[in-house]
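These notes are about the structure you will find just below.
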Amino acid sequence: MKRPFTRLLRAATDLILPRYCVHCGHSCNHRNYEFLCKKCAYEIFFAQNPCCTICGYPYLGAITGPKQCPHCAELNPLFDQGKILFLAQGPGRSLLHELKYRHGFYVLRDIASMVLNSSDYTAYINGATLIPVPLHPVKFRERGFNQSQKLATMLAKTCQAKVLNLLRRTKFTQTQTRLNRHLRYQNVKNAFAIATNARVIADDDYILIDDVFTTGSTLNACAQVLRQAGAKSIRVATIGHG
Ligand SMILES: [Zn+2]
Ligand SMILES: [Zn+2]
């Protein structure tokens with residue numbers, strides 16, 4: 001719920017600088033979101049229980065027999081649990097792309113509103129130590145920022161958690177987008193280490209943060225480093241899945 005003054009200010013700003021939906025390009029008319037129109041906001045598929053406990057993907061339709069998610073079937077997860085906010089398709093995908101590839105930090109405000117609307121997601125994050133999946137320094141210089149860091153900072157503010165840069169990337173890896181599951185695993189194997197001067201506290205409640213859960217290879221490689229360093233509780237959270 002926005003305060004009256006905020007609404008007034010936004011209405012005045014819209015007259016000067018109209019906002020457009022990051023997915024369809026139409027002008028924005030949503031009362032809760034600044035960069036999604038009503039139609040596109042309605043199309044976002046939010047994860048609602050029951051979900052896969054490993055990757056957070058929502059189970060659709062009736063569940064019979066043991067719960068096994070096809071996304072996690074070959075993962076052998078080294079983390080305890082995972083959660084996502086929405087499926088990275090359609091407008092959800094556009095929001096994340098705007099952040100990652102177009103420096104669209106403003107979409108973080110809309111994602112924060114979505115997080116606040118999900119009591120399940122906020123409860124999951126609340127009180128934890130958030131560890132962003134790190135970028136290699138070369139990639140960081142290329143992009144200028146780490147999207148996982150941006151998301152972790154937003155989540156820390158929205159859900160009362162703290163951010164800790166506990167990991168560093170030791171290997172420059174090619175983009176995972178076009179790799180299959182096995183190649184993704186090989187690509188990120190031994191790609192991470194504990195950051196210089198950082199220390200894992202065995203009893204801390206760690207959550208690895210990334211923008212999207214795809215095969216889980218990257219998050220698993222990060223979890224392995226934390227486990228080897230003695231971390232007992234390791235969960236993961238992403239915004240999108242897909
Ligand atoms: Zn739209
Ligand atoms: Zn799963």
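Whatever order the structure lists them in is the order used to number ligands and atoms, beginning at 1. Note that the coordinates shown come from a computational prediction; the quantities given were computed from them, not determined experimentally. Counting from 1, the numbers follow the sequence of the chain as shown.
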I need the SG(C37)-the Zn ion (ligand 1)-SG(C21) angle, rounded to 10 degrees.
120°
Could you please compute the angle at the Zn ion (ligand 2) from SG of C52 to SG of C55, rounded to 10°?
110°
Compute the angle centred on the Zn ion (ligand 2) spanning SG of C69 and SG of C72, and express it rounded to 10 degrees.
120°
Between the side chains of D205 and S233, is a donor N or O closer than 3.5 angstrom to an acceptor N or O?
yes
Check whether more than 12 heavy atoms from other residues, nucleotides or ligands sit under 6.0 Å from atom NE2 of H103, and answer yes or no.
yes
Pick from V236, L219, I209: which one makes a side chain to side chain contact (heavy atoms under 4.5 Å, CB included) with V133?
L219
Closer than 2.8 Å to the Zn ion (ligand 1), do we get an N, O or S atom from H23, backbone or side chain?
no
Tell me whether the count of non-hydrogen atoms from other residues, nucleotides or ligands lying under 6.0 Å of CZ in R168 goes above 12.
yes
Is the distance between the Zn ion (ligand 1) and the nearest N/O/S atom of C40 smaller than 2.8 Å?
yes
Is it true that atom NZ of K189 has more than 12 heavy atoms of other residues, nucleotides or ligands lying nearer than 6.0 Å?
no
Taking both backbone and side chain into account, is any N, O or S atom of C28 nearer than 2.8 Å to the Zn ion (ligand 1)?
no
